[in-house]
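Values below: every heavy atom of this structure, side chains too, minus hydrogens, waters and symmetry copies.
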Amino acid sequence: MRAIDAAGNAYNASMNIARLLRIAVKAAAKVYVVADSSKIGRTALTRFGNVRDWAGLITDDEVDPTIAEQLRAAGVSMIVAPREAIEVR
């Protein structure tokens, strides 16, 4: 997953990967998207779904507050964690 726009649309730069992600989402019982704040508020080549249709979005606390509010208003369930808690060391 490359990007999530303020309406909750999820994107990937590769059409082939986006196609695979659509299939995976349909097959899954529950889907959470984990994306760091650098991916939020952006778009990419191919849209493959909307996070509001899934269980939720998990991101870090550096997400732009305006975009976070737009996502919530669009019906996206968000979990915001402190960046140091999710940073890989």
For E62, which residues count as a side chain to side chain contact (heavy atoms under 4.5 Å, CB included) partner, sequence neighbours excluded? S37, D60, R83

Tell me whether I4 shares a hydrophobic cluster with I67, the cluster being built from Ile, Leu, Val, Met, Phe, Trp, Tyr side chains joined at under 4.5 Å. yes

Atom pair CZ/CE of R52 and M78 - distance to nearest 0.5 Å: 14.5 Å

Taking only residues two or more places apart in sequence, or in another chain, which ones meet S77 in a side-chain hydrogen bond (donor to acceptor under 3.5 Å, both in side chains)? none

Any side chain to side chain donor-acceptor pair (under 3.5 Å) involving residues 19-34? Give me the pairs, sequence neighbours left out, ordered by first then second residue. N16-R19

D5 side chain near Y11 side chain, heavy-atom distance below 4.5 Å: yes

Just by distance, do the side chain of T59 and the backbone of A35 share a donor-acceptor pair under 3.5 Å? yes

What residues, two or more places apart in sequence or in another chain, satisfy side chain to side chain contact (heavy atoms under 4.5 Å, CB included) together with D53? N50

Linking I/L/V/M/F/W/Y whenever any side-chain heavy atoms sit under 4.5 Å apart, do V76 and V80 land together? yes

Under a 4.5 Å cut-off applied to non-hydrogen side-chain atoms, are I79 and L57 in contact? no

Ignoring hydrogens and angles, write down the donor-acceptor pairs under 3.5 Å from the side chains of residues 41-49, residues two or more places apart or on other chains.
| from | atom 1 | to | atom 2 | distance (Å) |
| --- | --- | --- | --- | --- |
| R42 | NH1 | S38 | O | 3.4 |
| R47 | NE | N9 | OD1 | 2.7 |
| R47 | NH2 | N9 | OD1 | 3.1 |

Atom CG in N12, atom CE in M1: separation rounded to 0.5 Å? 8.5 Å

Who are the side chain to side chain contact (heavy atoms under 4.5 Å, CB included) partners of V25, not counting sequence neighbours? V31, W54

Looking only at heavy atoms, the pair that brings A74 and A6 closest together is CB-O, 4.4 Å

